[in-house]
Novice: 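Sharing a structure, written as structure tokens. Questions coming.
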Amino acid sequence: MRIKTWVIKTPIILASLALFLFTGCSSLTGEEIARLKINAVSSSVNFIDDEVTIALKKGDEIALWSDMDMEYDGDVNLRFRIKMFKDGTKTSELEIDPTQKNITIGEVKTKIMNSTKWSFSGKNSEIKIEEDGNYTLKSILVASKNPSLKVNKAELVLKK
């Protein structure tokens with residue numbers, strides 16, 4: 001009889017564990033509230049940006065994550081340039097290096113001789129909201145000159 005009890009309880013335990021792990025990841029990384037799909041490098045001739053407007057409250061902490069997939073030869077320096085507006089008035093500008101992250105999820109980096117293929121999702125920075133309001137974030141991706149750079153994905157993700 002004990003074997004039947006164990007067999008019946010095992011699926012319940014496994015389902016509970018799976019639910020805990022699934023929700024635990026969200027609690028560690030935060031809930032996605034917006035995504036800016038830039039997906040290309042801006043230049044003086046080709047300006048590529050994205051923006052999002054969200055209502056935020058005083059005290060909200062917004063984490064800035066980068067979701068990247070790229071290929072290049074040699075070295076490359078990348079920066080997301082972000083302008084933040086509150087109710088239409090510019091409040092700040094910041095730059096983040098998507099490769100400088102303090103939490104990384106699903107990173108795969110392959111380097112063969114001088115060629116690199118790199119994809120990851122990583123937490124780069126946080127912003128603390130000082131006042132209630134509608135906040136607009138506008139961003140572009142800039143890079144050092146490297147003609148071999150191929151950006152398959154470059155998205156700035158906002159999490160709460």
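Source: prediction; values computed, not measured.
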Novice: Do side-chain atoms of D132 reach the backbone of K58 as a donor and acceptor pair under 3.5 angstrom?
Specialist: yes

Novice: Taking the side chain as every heavy atom from C-beta outward, state whether E71 and T110 have any atom pair closer than 4.5 Å.
Specialist: no

Novice: Any chance you could pull the hydrophobic cluster mates of M113, using side-chain heavy atoms under 4.5 angstrom and chaining through other members?
Specialist: I112

Novice: Do L158 and L64 have side-chain heavy atoms sitting under 4.5 Å apart?
Specialist: yes

Novice: To the closest 0.5 Å, what do you measure between NZ (K138) and CG (L36)?
Specialist: 11.5 Å

Novice: Establish, from distance only, whether the side-chain atoms of S115 and D73 form a donor-acceptor pair under 3.5 Å.
Specialist: yes

Novice: Under the ring-ring contact (aromatic ring centres under 6.0 Å, His included) rule, what pairs show up with a residue in residues 119-160, not counting sequence neighbours?
Specialist: W118-F120

Novice: Side-chain heavy atoms under 4.5 angstrom apart, residues restricted to Ile, Leu, Val, Met, Phe, Trp, Tyr: same cluster for I62 and V157?
Specialist: no

Novice: Can a side-chain donor-acceptor contact be found between N146 and S144 if the only test is distance below 3.5 angstrom?
Specialist: no

Novice: Would you say that K153 contacts D67 through its side chain, given a criterion of any heavy-atom pair below 4.5 Å between the two side chains?
Specialist: yes

Novice: Drop me the distance from S125's OG to D97's CG, to the nearest 0.5 angstrom.
Specialist: 11.5 Å

Novice: Within this structure, what is the CD1-OG1 distance for the pair I54 and T136, rounded to the nearest 0.5 Å?
Specialist: 9.0 Å

Novice: Side chains of residues 81-90: which donor-acceptor pairs under 3.5 Å do they make with residues two or more places apart or in other chains?
Specialist:
from : atom 1 : to   : atom 2 : distance (Å)
R81  : NE     : E95  : OE2    : 2.7
D87  : OD1    : N134 : N      : 3.0
K90  : NZ     : E93  : OE2    : 2.3

Novice: Does D49 use its side chain to pair, donor to acceptor, with the backbone of S139 at less than 3.5 Å?
Specialist: no

Novice: What are the two closest heavy atoms between K123 and A63, and how far apart are they?
Specialist: CE-CB, 3.9 Å

Novice: Taking V41 as the starting point, is it possible to reach M70 by hopping between hydrophobic residues whose side chains are less than 4.5 Å apart?
Specialist: yes

Novice: Which distance, rounded to the nearest 0.5 Å, do you find between the NZ of K159 and the CD of E32?
Specialist: 6.5 Å

Novice: Under 4.5 Å between side-chain heavy atoms, hopping through other hydrophobics if needed: is there a path connecting L149 to I140?
Specialist: no

Novice: Would you kindly confirm whether W65 and M68 end up in one hydrophobic cluster when ILVMFWY residues are joined by side chain heavy atoms under 4.5 Å apart?
Specialist: no

Novice: Around N102, counting heavy atoms of other residues, nucleotides and ligands shown, do more than 12 lie under 6.0 Å from its CG?
Specialist: yes

Novice: Same cluster or not: Y72 versus L78, using hydrophobic residues (I, L, V, M, F, W, Y) connected whenever any side-chain heavy atoms lie under 4.5 Å apart?
Specialist: yes

Novice: Would you say the side-chain atoms of S42 pair up with the backbone N or O of I48, donor to acceptor, closer than 3.5 Å?
Specialist: yes

Novice: Could you check whether any side-chain N or O of N124 sits under 3.5 Å from a backbone N or O of Q100, counting only pairs where one atom can act as donor and the other as acceptor?
Specialist: yes

Novice: On a heavy-atom basis, which atom in A34 and which in V52 lie closest, and how many Å separate them?
Specialist: CB-CG2, 3.7 Å

Novice: Can you tell me how far CD1 of I103 sits from OG of S121, rounded to the nearest 0.5 angstrom?
Specialist: 10.0 Å

Novice: Verify, without hydrogens or angle tests, whether S66 (side chain) and P98 (backbone) share a donor-acceptor contact under 3.5 angstrom.
Specialist: yes

Novice: Kindly indicate, with the supporting measurements, whether the criterion side chain to side chain contact (heavy atoms under 4.5 Å, CB included) is fulfilled by N39 and N152.
Specialist: CA-CA 7 Å; N39 297 325; N152 302 312; over 6 Å; no

Novice: Nearest 0.5 Å please: distance from the CG atom of L137 over to the OG1 atom of T91.
Specialist: 8.0 Å

Novice: I'd like to know if the side chain of T104 and the backbone of E107 have a donor-acceptor N/O pair within less than 3.5 Å.
Specialist: no

Novice: Please check if the side chain of D60 supplies one atom and the backbone of K57 the other of a donor-acceptor pair under 3.5 Å.
Specialist: yes

